[in-house]
Amino acid sequence: MSSLNIEIRPVTPPDVPAIAALAREIWQATYPGIITQEQIDFMLEQRYGHERLYDDLEDLHKWLFQAFHDGRRVGFAFSELSKGEFKLDKLYIHPDVQRRGVGGQLIEHVAELARKQGHPCVILQVNKRNEKAINSYMKYGFVVRTSTVDDIGHGYVMDDFVMEKKL
């Protein structure tokens, strides 16, 4: 399959409900079998509740982008400064268009922003059991730096690899 031509634009307040809905659709296609439905619901509310997204948009240390193909929103990438490092915090692509270069274009967009700000690398965290995502990140130049287990509340943990891409 060929790479899709996408348009990347910033997320704005009117986009919040659509981003939250897209996140739910992608998570329901991705995480069953990796984490429980209860943890999926908890994490979606924690990360994609409308108030949280509005707060993220006002944070000067966070950058939220969305990708469109033929006028349809097909993915998004959120990045932030985290402990002095440039972090790709969220990257989600609709299952219909995965493996068609959308993620790579969003990664390059985020990497360019990090470069312009003088950061030597971009980091991310990915669930250790999400092999499709890990393989995709490796394809785009990320390598595993370390692993981490973070308590996120309500008895849930994120068991992740920390990956980095040198710029």
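In what follows, residues are counted from 1 in the order of the sequence shown.
Taking the six-membered ring for Trp and thresholds of 30 and 60 degrees, F76 and Y92 have ring planes inclined between 30 and 60 degrees apart. Ring geometry, F86 versus H119: the interplanar angle falls from 30° to 60°, so the pair is classed tilted. Taking the six-membered ring where the residue is Trp, H50 and Y54 present perpendicular rings, their angle passing 60° and hence far from 30°.
Screening residues 12-39 for salt bridge (Lys or Arg N to Asp or Glu O under 4.0 Å) gives D15-R73, R24-D41 as the qualifying pairs, with residues at least two apart or on separate chains.
I34 and F161 fall into different hydrophobic clusters, where Ile, Leu, Val, Met, Phe, Trp and Tyr are joined by side-chain heavy atoms under 4.5 Å apart, directly or via other members.
With salt bridges taken as basic N to acidic carboxylate O contacts below 4.0 Å, one links E108 and R115.
We find the CE-CE distance between M163 and M138 to be 5.0 Å, quoted to the nearest 0.5 Å.
Under a cut-off of 6.0 angstrom, the local environment of CG in D159 is crowded, with over 12 non-hydrogen atoms contributed by other residues, nucleotides or ligands.
Side-chain contact between L22 and Q66: absent, with no pair of heavy atoms (C-beta onward) separated by less than 4.5 Å. Residues D59 and E80 fail the side-chain proximity criterion, which asks for heavy atoms closer than 4.5 Å. Between I152 and F42 there is a side-chain heavy-atom pair separated by less than 4.5 Å.
In this structure, H94 contributes its side chain and D96 its backbone to a donor-acceptor pair below 3.5 Å.
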